[in-house]
Amino acid sequence: RERYERRAARQAQQYQRTQRWTAIGAVCLLVVALAAGGFFLFHGPGPHAQAATKPSAVATPTPPAATPTPTPTQAEPAKHCTYPANPPASRNVGKPPARPDFKAKYQATIHTNRGDIVINLRNSKATCTVNSFVFLAAKKYFSNTHCHRLVTSGIFVLQCGDPTGTGSGGPGYKFDDENLTGATYPAATVAMANAGPNTNGSQFFLVYKDSTQLQPKYTPFGTIVSGLNIIQNVAKAGSDNSLGSGDGHPKEKVVIKSVTIKKT
């Protein structure tokens, strides 16, 4: 009987140890699961995950890289444009019309706190790009927005067109590249910024000095005919270097009050 009682006691102790370790294991698994759930709740993947780590990745002209140059998908002037959804929209103004006025000539005036910048738009060479820009201007998408990035080293551009001022904002749609064959970026060029081939949205950049390091990967859609000196004066003051040496927010703020379009 004594041997039986001792064996029963040992079995009871072993059972209690097993139960204890099982409970500890379950608690550990629960903690891990909650931690993982919290991570994906606050840091889950999204359409602008890349932009979160590099604020201007959504729309940024960059120095040359060993990547193939995308080619236009249709002949110009385009007679039909597509604008696939690309949420979220910084300002929800809808989408441009699918049928552009490809025969029209457009001139845009960007009214800023530092003066007017007048741009002849290349509608016959970048029809869908101009169609989008004209649409956004008419919807006051650019009104009361800051030009959020100034680059003064390697390339020489002032970047605008993001209502959030972070470099990650867009209109809620995207569209294909245009006018890239043989594209160059001398002073007075206006071109689309992007996050890769065919990811154009609302952000654009104004070239204030010849930028030969830029590869033909950014749709040129306009030429500055008046006001280039305004950007050059802003560039003289430099940037805050928040994105690197010679790269960041302009020290002299440039605010787009509105953009008006003249059509002929």
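Within the structure, every pair that satisfies the disulfide (SG to SG under 2.5 Å) test and touches residues 150-256, not counting sequence neighbours, is listed here: Cys147-Cys160. The disulfide (SG to SG under 2.5 Å) contacts involving residues 232-264 comprise nothing, where partners must be two or more places apart or lie in separate chains. Judged as a salt bridge (charged side-chain N to carboxylate O under 4.0 Å, His left out), the pairs with a partner in residues 106-116 (not counting sequence neighbours) are, in order, Arg114-Glu252. Applying the disulfide (SG to SG under 2.5 Å) test to every pair with at least one member in residues 198-264, sequence neighbours left out, gives no pairs at all.
Within the 4.5 Å cutoff, side-chain heavy atoms of Val190 are placed close to those of Ile224. A 4.5 Å side-chain heavy-atom check between Ile117 and Ile230 finds at least one atom pair inside the cut-off. The closest side-chain heavy-atom distance from Lys79 to Phe102 is below 4.5 Å. The side-chain heavy atoms of Ser239 and Pro250, taken from C-beta on, include no pair separated by under 4.5 Å. Within the 4.5 Å cutoff, the side chain of Leu136 has heavy atoms near those of the Pro171 side chain. Residues Phe221 and Asn179 form no side-chain contact, since every pair of their non-hydrogen atoms from C-beta on lies 4.5 Å or further apart.
Side-chain rings of Phe135 and Tyr141 stay apart, their centers remaining 6.0 Å or farther from each other.
Nearest heavy atom pair, residue His80 against residue Cys128, reads O-SG, 3.8 Å. Taking both residues in full, the closest heavy atoms of Asn123 and Ala104 are given as ND2-O, 2.9 Å, listed atom of the first, atom of the second, then distance. Here the closest heavy-atom approach between residue Ala78 and residue Pro100 is recorded as O-CG, 3.5 Å. Contact record, Thr152 with Ala235: CG2-O, 4.0 Å, taken as the closest heavy-atom pair. When all heavy atoms of Gly167 and Asp162 are compared, the closest pair comes out as N-OD2, 2.6 Å. Nearest heavy-atom pair across Lys251 and Ala237 is CD-O, 3.2 Å.
One finds the CD1 atom of Ile231 at 13.0 Å from the NZ atom of Lys236 (value rounded to the nearest 0.5 Å). To the nearest 0.5 Å, atoms CD1 (Ile155) and OG1 (Thr212) are separated by 10.5 Å. To the nearest 0.5 angstrom, Gln203 atom CD is 10.0 Å from Thr145 atom OG1. With rounding to the nearest 0.5 angstrom, the CG atom of Leu121 is 9.0 Å from the OH atom of Tyr106. Rounding to the nearest 0.5 Å places OG1 of Thr166 at 9.0 Å from NE2 of His249.
Looking at residues two or more places apart in sequence or on another chain, you find a side chain to side chain donor-acceptor pair (under 3.5 Å) between Ser132 and Tyr173. The side chain to side chain donor-acceptor pair (under 3.5 Å) search around Ser242 returns Asp240, not counting sequence neighbours. Among residues two or more places apart in sequence or in another chain, the side chain to side chain donor-acceptor pair (under 3.5 Å) test is passed with Asn229 by none. Residues passing the side chain to side chain donor-acceptor pair (under 3.5 Å) test with Asn131 are Tyr83, sequence neighbours excluded. When the side chain to side chain contact (heavy atoms under 4.5 Å, CB included) test is applied to Val225, the partners found at least two apart in sequence or on another chain are Gln107, Val118, Asn120. Applying the salt bridge (Lys or Arg N to Asp or Glu O under 4.0 Å) test to Arg91 and every residue at least two apart in sequence or in another chain returns nothing.
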(message) side-chain hydrogen bond (donor to acceptor under 3.5 Å, both in side chains), that's the test. Do Glu178 and Thr219 meet it? Break it down for me.
(response) CA-CA 5 Å; Glu178 297 178 290; Thr219 297; 5.8 Å; no
(request) For the pair Phe142 and Phe133, evaluate ring-ring contact (aromatic ring centres under 6.0 Å, His included) and give the outcome as yes or no after the intermediate values. (result) CA-CA 10 Å; Phe142 300 116; Phe133 188 86; 5.1 Å; yes
(message) One pair to check against side-chain contact (heavy atoms from CB on, under 4.5 Å): Asn194 and Asp177. What are the steps and the verdict?
(response) CA-CA 9 Å; Asn194 61 53; Asp177 302 319; 4.2 Å; yes
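Results of the side chain to side chain contact (heavy atoms under 4.5 Å, CB included) test with Phe175 over Asn86, Thr129, Thr82 single out Thr129 as the only residue that passes.
Side-chain contact, Glu76 with Thr127: a donor N or O sits under 3.5 Å from an acceptor N or O. Asp176 and Asn200 form no side-chain donor-acceptor contact under 3.5 Å, judged by distance and modelled atom types alone.
Crowding of Asn233 atom CG: a count of heavy atoms from other residues, nucleotides or ligands under 6.0 Å exceeding 12.
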Enumerate, atom names and distances included, each donor-acceptor pair closer than 3.5 Å involving a side-chain atom of residues 254-264, sequence neighbours excluded.
from, atom 1, to, atom 2, distance (Å)
Thr260, OG1, His111, NE2, 2.9
Lys263, NZ, Asp101, OD2, 2.7
Thr264, OG1, Lys105, O, 3.4

Going by atom type alone, with no hydrogens or angles, which donor-acceptor pairs under 3.5 Å involve a side-chain atom of residues 204-211 and a protein atom two or more places apart or on another chain?
from, atom 1, to, atom 2, distance (Å)
Tyr208, OH, Val151, O, 2.8
Asp210, OD1, Ala187, N, 2.8
Ser211, OG, Phe156, N, 3.0
Ser211, OG, Lys209, O, 3.0

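Side chain of Asn113 to backbone of Lys253: a donor-acceptor contact under 3.5 angstrom is found. Listed for the Ser202 side chain is a donor-acceptor partner under 3.5 Å among the backbone atoms of Gly161.
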